[in-house]
Amino acid sequence: MKYNKISPYIAATGLLVVLACSSPKKSFVTENNRDAIDKKVDSVLALMTLEEKVGQMNQYNGFWEVTGPVPKDGAAALKYEHLKKGWVGSMLNVKGVKDVKALQKIAVEETRLGIPVIFGYDVIHGYKTISPIPLAEAASWDMEAIKKSAEIAAAEAAASGLNWTFAPMVDVSRDARWGRVMEGAGEDPYLNSQIAVARVKGFQGDFGEFNVAACVKHFAGYSFAESGRDYNTVDISNNTLHNIVLPPFKAALEAGALTFMNSFNELEGIPATGNPYLQREILKGQWNFKGFVVSDWGSLGEMVSHGYAKDLKEAAERAANAGSDMDMESYGYVAHLTALVREGKVSEDKIDDAVRRILRVKFTLGLFDNPYKYCDETREQQTIGKKEFQDGVLDMAKKSIVLLKNDNNLLPLKKEGLKIAVIGALANDKTSPLGSWRIGADDGTAVSVLEGLQNYKGNRISYAKGADVAIGQTVFASETHINTTDKSGFTEAISTAKGADVVIMVLGEHGLQTGEGRSRASLDLPGVQQELLEEVYKVNSNIVLVLNNGRPLTIPWAAQHIPAIVEGWQLGTQSGNAIAQVLYGDYNPSGKLPMSFPKSVGQLPLYYNHKSTGRPGNGQPTESVFWSHYIDEQNAPLYPFGYGLSYSKFEYSNFKISASSFGKGGNITVSVDVKNISNVDGKEVVQLYIRDLVGSVTRPVKELKGFELTEIKAGQTKTVTFTINEKTIEFYTANNKWEAEPGDFKVYVGTNSDTRTELPFSYITN
Ligand code: BGC
C-alpha cells in the first residue's frame, strides 16, 4: 500500500533506511528515538520548498462537505487548492473517519511530497461519550479517574480520525466571572499541575492508535482577563506569571505534551501570539520544549486589533519571529510568510525550526508511517459510545460531585415511601449536562436528573419546571435567555412542592451559559431561579438544592436557608445517574471544590492563596476601617477552596512533624491521623498547605503542596504522611529563578484550605 510519497524521494536521497526502521504502531518519544525522529525530520525538510514549509505552518478550519463535491469558488475553493499544493499542515474541526480520510488522501496522494495533515479538534471533556466539565473533574482530586476520563475521550476521538486535541486547558482561574473557568482545574497551581499531568498522560498514552496528541493551552495568562471578561486585557506581574500561571504548563511539558497553544491576551503589552519572551525565551529556551506552538483561533490576525501590528503581514512577521509555529485560521502565514522570508524579515532558519517541530510531532504520532492510522471505519464503529466508556464517565461524574451542605443528614434519601417533588428546568434537561464543549455528542443524549431519579422506583416523583434557565440556542443570544423573567410556571411548582416529603430543586446555569465568550457580571442563579427557590421554600423548606453550573455561583441565601446543597456541575452524558446515586447514598460524595465560592461578586478575584497585604486584620470586625476589607461584605468566601462534605464524618488528630527543621538535600515528614467516626465508609482528600513566612518577594498566606485521596472505612483510622523538602518550598524568587530560600514556615493539614491546624518548621542552609 502506498502511504505517501516521501519514501521514493527519500530513497532517491539515500535516506530510505532511516524511515524504514520506524515501527508503524508505536512512536513513543524517548531520548533515544528522538534522535532517530530528528534525522527523519531533517530528511523531509531537505526536500521541501519554502512554500511547502510555510504550508506546514498553516492550519485551516474544516471548510466544505469534505466527501461531497469539490468546492468551486469562495474561501473553500482556495483552501482546497492550498491543500492540493501541500500548503496545509493541519486542519481543525473535521471529524469522522470518512471526512478525515478524504482530506488525508488529498494531502498524501495529490501533493508533491505527500506529507500527512494533522487533524485537531477541541476534545475537552469527551468526544461522543461526554465526561464532566474539567472544573468538575478537578473537584474529584482523583488523578487516576481524570486520566481515565482523558483516555476515553482520546479513544473515541482517535477512532473518529482525530490525531490531536486542544486540551488540557491549564489556565489557573481566580475569577468566576470568566466563563472559561469551566474548562480548567480551578484556582490552584499545584492542583492544576497534577491534573495537567494526568490529562496529558491520558490523552497521549504511548501514542498508540487510541491516543491523540495533547495541546496545553493557553500560553499564557489568558485567565487573568481584567474583570473576568473574556478576551480582555491581562496585566499581571512577572511574579504572578512565574509562581501562579506557568507551573501547570511546565508540568504538562514534563509529562510529555507534544504541543502548546498560545493565547488571545496580551502580556506586558505584547500579545501572547507575538510574544518572544513567552514562546522563545521561556518555552523553547529555558524549558527546552521540542514540540510546536499553534496560535489560538485567529489570534495572529487579532494582533492588528490589539494595536501591535499594522496589518496581517506585520502580524505574521511578529508571530513567526516570536515563535508561534502554526497559524490557526488567520491566513497570515499562508498569505505573507514566504514574502517575509524573501524580504529578509523572517529568517529561513526560523521557518525551518517551526517546520521541524511540526514534522516531529507528525512523526511521533506515526502519521508518516501510516497517515491513515486513525482512519479505520470498523474501529470507529466499534469504539465510539462503548458501554465501558459510559461506565467510565459515570464513575468520573460521581467522583466530581461536591456535597456543600447537609443539615440534619437530609441526605442520603430513603429509597422507599417518599413523595418527592422535582423542580427546575435543568432537572429535565438532557442537553445542558453535556456542557460547553460537546463535539460529537448529540443534543438530548445526557441522562437528566429526573431520569436518574426515576431509575429508583420506590418513591413517588412529580415534576414541575418552575422557570426556564435558558431556552434553545444560547450561543449567540445568551443575554436574552439568561435574563428570562417568565414566572408563569411558579404556581405549578409551588403546588407540586406543597405536598412533598422532599423537594429536589435543580437550579443553576445551562451548559451553554458557561465556556468561551460566556463571561457573567452577576454570579447569581440566572433568571428568576432565585425567586423560584424562595417561593418554593415558603411552602416546603425540606429542599435539596442540586446546582448545575460551570463556575462558582453566589448562593448566600441558599447556603443560609436550604438544608442540603449538592454541587452537580455539568456532569456529562451520565449526569442524572451520577446525581441520583449520590442523592440516594449509593455513592458517598468525596469531591472538594477546586475554586472558592464567593459570597458576592464584588469579592472577585477570590482565591485562598492570596498575599497577606500590609493590613491583613484578623478577619473580625474592628473599630477601625483602616485594614484590607469591605465595609459591606466579609473577606472570607462562602465555601473555601478544597471544601466538600461526605456522608461519613472524619476527625483529624495527632498532627506530627518528624523534625523542626531540615537543610539542603534533606527533608522532614508530617503525619496526621484521620478517623472515620461515622458508620459509613467514605473517602477523604487530606490536604497539606504551607506558608513561607518571609521571602525575598512576598509569599501567599497558604499554598497547597500535597494531598491524598484516601478511602477510610467506618470506624477506621488512617495515618497520612507527607514529605516536605526543597521542592515543596521553592518558588520564583527575587533572583528571577526557582529556588528554596532559608527561613521559617508553617505547615497545615486539614479537610480544606481553611484549616488552622498548624506546626512550624524551618529550612536552614548554614
Ligand atoms: C479557543 C481555543 C480553541 C480554539 C479552536 C478558540 O476560540 O480559545 O481554546 O482550542 O478556538 O476551537
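The shown structure was predicted, so the numbers you read here are calculated from the model rather than taken from an experiment. In what follows, every heavy atom counts, from backbone to side chain, and hydrogens, waters and symmetry copies are set aside. Read the numbers this way: they start at 1 and go in the same order the structure lists the ligands and their atoms.
- Listed by number with element, the atoms of ligand 1 under 4.0 angstrom from any heavy atom of Trp297 are 6 (C), 7 (O), 11 (O).
- The shortest N/O to N/O separation between Trp437 and ligand 1 does not fall below 3.5 Å.
- Each of the following atoms of ligand 1 lies closer than 4.0 Å to a heavy atom of Phe166: 10 (O).
- Between Glu209 and Arg379 there is a salt bridge, with a side-chain nitrogen of the basic residue lying less than 4.0 Å from a carboxylate oxygen of the acidic one.
- One side chain, Ser324 or Asn262, offers a donor N or O that lies under 3.5 Å from an acceptor on the other.
- Minimum heavy-atom separation, His242 to Ile282: CE1-CD1, 3.9 Å.
- Looking at Leu92 against ligand 1, only its side chain comes within 4.0 Å, counting heavy atoms.
- Under 4.0 Å is where a charged nitrogen must lie from a carboxylate oxygen, and between Arg174 and Glu187 no such pair does.
- The distance from ligand 1 to the heavy atoms of Met261 drops below 4.0 Å at these ligand atoms: 2 (C), 10 (O).
- A side-chain donor-acceptor contact under 3.5 Å links Glu183 and Trp437.
- Close approach of ligand 1 to Lys217 (heavy-atom distance below 4.0 Å) involves ligand atoms 2 (C), 3 (C), 9 (O), 10 (O).
- Polar contact check, His218 against ligand 1: a nitrogen or oxygen pair lies under 3.5 Å apart.
- Of the protein's non-hydrogen atoms, Asp122 OD1, 3.1 Å is the one closest to atom 3 (C) of ligand 1.
- Using a 4.0 Å cut-off between heavy atoms, Arg180 contacts ligand 1 through its side chain alone, with no backbone atom that close.
- A salt bridge is absent between Lys201 and Glu151: the closest approach of a Lys/Arg side-chain nitrogen to an acidic carboxylate oxygen does not fall below 4.0 angstrom.
- Atom 2 (C) of ligand 1 has Asp296 OD1, 3.1 Å as its closest protein atom, hydrogens excluded (heavy atom only).
- Under a 4.0 angstrom heavy-atom cut-off, Phe264 registers as being in contact with ligand 1.
- With a heavy-atom cut-off of 4.0 Å, Met169 does not touch ligand 1 at all.
- Side-chain atoms of Tyr333 and Gln56 form no donor-acceptor pair, as typed in the model, at a separation below 3.5 Å.
- Here Phe224 and Trp178 keep their ring centres 6.0 angstrom or further from each other.
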